[in-house]
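Structure, as structure tokens:
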Amino acid sequence: MRVVISPNPVLRQKCEPVDPVKIKKIRSTAMKMAKLMYASKGCGLAAPQVGIPQRFIVVDCTMLDEGEEFVENPTFYVNPQVTFRGGEEELDDEGCLSIPGISIPIKRFTKITVEALDLDGNPFVVEAEGFLARALQHELDHLDGTTMFEHLSPLERIEVFKQYEEALRAGAKPGDTSIPT
């Protein structure tokens with residue numbers, strides 16, 4: 001398994017829901033996605049980013065202070081739905097494992113609520129704010145075929161595409177948020 005890189009068409013595809021009866025069949029794939037996310041130094045990964053046009057993601061926004069031991073704590077969201085968007089809208093830079101080598105300023109809500117199923121098919125609700133809210137919105141965009149590029153105006157998109165092409169020529173890999181030196 002590896003991260004699909006833009007402009008792969010699967011990244012622009014609206015994903016199909018996972019049949020709740022078949023959730024346990026995606027468990028192995030979801031676990032591999034989590035390993036790939038950590039290996040790529042990401043905090044989220046959506047199924048289309050590994051070439052699977054289905055509605056499931058993994059997110060882990062655990063942040064550690066210097067010297068703390070990292071403990072993997074992935075949360076898997078199957079058929080996630082946003083039920084609330086609110087708070088302020090905040091502009092901040094985002095990177096994407098499928099668009100390596102660049103960061104793009106994107107405006108996101110600071111609070112959201114997401115309903116989903118876990119890998120056992122049990123429903124759960126997450127009320128997220130701050131960085132977790134941003135990460136969830138980013139990954140949920142992928143399920144609707146939206147990449148960071150679609151958040152830009154046409155003129156901004158032209159400039160960012162140039163930066164992205166330069167980053168790819170320089171050897172950018174998933175997890176890079178700037179051009180490798």
Side-chain angles (χ1 to χ4, degrees), residues 1-16 29-30 32-64 70 74-75 77 80 82 85-112 114 128-181:
M1 177 179 288
R2 61 184 169 175
V3 176
V4 170
I5 302 298
S6 182
N8 189 305
V10 74
L11 295 171
R12 300 281 296 126
Q13 198 175 331
K14 188 167 173 88
C15 296
E16 294 294 321
T29 300
K32 289 177 187 171
M33 284 173 53
K35 281 187 175 187
L36 180 59
M37 175 187 73
Y38 293 122
S40 302
K41 297 181 175 77
C43 62
L45 191 63
Q49 291 182 274
V50 293
I52 302 168
Q54 288 194 291
R55 298 188 74 79
F56 65 97
I57 64 174
V58 57
V59 175
D60 185 355
C61 292
T62 307
M63 298 293 167
L64 302 173
F70 179 72
T75 302
Y77 298 76
V82 175
R85 286 182 176 91
E88 302 289 320
E89 281 191 288
E90 188 174 80
L91 186 68
D92 204 356
D93 283 348
E94 290 183 20
C96 180
L97 296 178
S98 291
I99 306 174
I102 63 171
S103 295
I104 299 173
I106 296 177
K107 190 179 279 192
R108 302 272 190 197
F109 287 100
T110 58
K111 296 179 181 181
I112 67 166
V114 176
E129 56 185 273
F131 187 67
L132 177 58
R134 176 171 292 278
L136 284 168
Q137 289 170 86
H138 179 104
E139 298 311 327
L140 294 171
D141 274 357
H142 279 297
L143 302 183
D144 293 325
T146 301
T147 68
M148 297 188 314
F149 295 129
E150 283 73 46
H151 288 274
L152 301 171
S153 72
L155 288 176
E156 290 170 324
R157 200 175 294 174
I158 290 168
E159 183 57 36
V160 169
F161 275 141
K162 289 177 189 174
Q163 294 170 12
Y164 180 52
E165 289 172 349
E166 183 181 335
L168 290 177
R169 281 193 302 275
K173 304 235 178 320
D176 292 339
T177 55
S178 61
I179 295 176
T181 52

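Model, not experiment: these values are computed from the prediction. What's counted below: heavy atoms across the whole structure, side chains too, no hydrogens, waters or symmetry copies.
Applying the ring pair (Phe, Tyr, Trp, His ring centres under 6.0 Å) criterion to Phe56, with sequence neighbours excluded, gives no partner residue. Taking the side chain to side chain donor-acceptor pair (under 3.5 Å) definition, one finds that Arg108 meets it with Glu94, Asp141, sequence neighbours left out. Here Tyr164 pairs with Phe149 under the ring pair (Phe, Tyr, Trp, His ring centres under 6.0 Å) rule; sequence neighbours left out. Remark: Pro7 pairs with no residue by the side chain to side chain contact (heavy atoms under 4.5 Å, CB included) rule, at least two apart or across chains.
Listed for the Thr110 side chain is a donor-acceptor partner under 3.5 Å among the backbone atoms of Glu88. A donor-acceptor pair under 3.5 Å is absent between the side-chain atoms of Gln54 and the main chain of Ala47, judged by distance alone. A side-chain donor-acceptor contact under 3.5 Å links Arg134 to the backbone of Glu90.
Side-chain contact between Val4 and Pro48 is absent, with no heavy-atom pair separated by less than 4.5 Å. For the pair His142/Cys96, a side-chain contact is recorded, criterion being any heavy-atom separation below 4.5 Å from C-beta on. Taking 4.5 Å as the limit, some side-chain heavy atom of Leu168 sits within range of a side-chain heavy atom of Pro100. Counting heavy atoms from C-beta outward, Tyr38 and Asp60 have side chains that approach closer than 4.5 Å.
For Leu155, the CG atom sits in a loose shell: 12 or fewer heavy atoms of surrounding residues, nucleotides or ligands are nearer than 6.0 Å.
Applying the salt bridge (Lys or Arg N to Asp or Glu O under 4.0 Å) definition to pairs two or more places apart or across chains, those involving residues 148-164 are Arg12-Glu150. Each side chain to side chain donor-acceptor pair (under 3.5 Å) pair with one or both residues in residues 2-11, not counting sequence neighbours, would appear here, but there are none.
When all heavy atoms of Val58 and Met37 are compared, the pair lying nearest together is O-SD, 3.8 Å.
Side-chain contact of Gln49 with Ser98: a donor-acceptor pair under 3.5 Å is present, judged by distance alone. Of the N and O atoms on the side chains of Asp144 and Thr146, not one donor lies less than 3.5 Å from an acceptor on the other residue.
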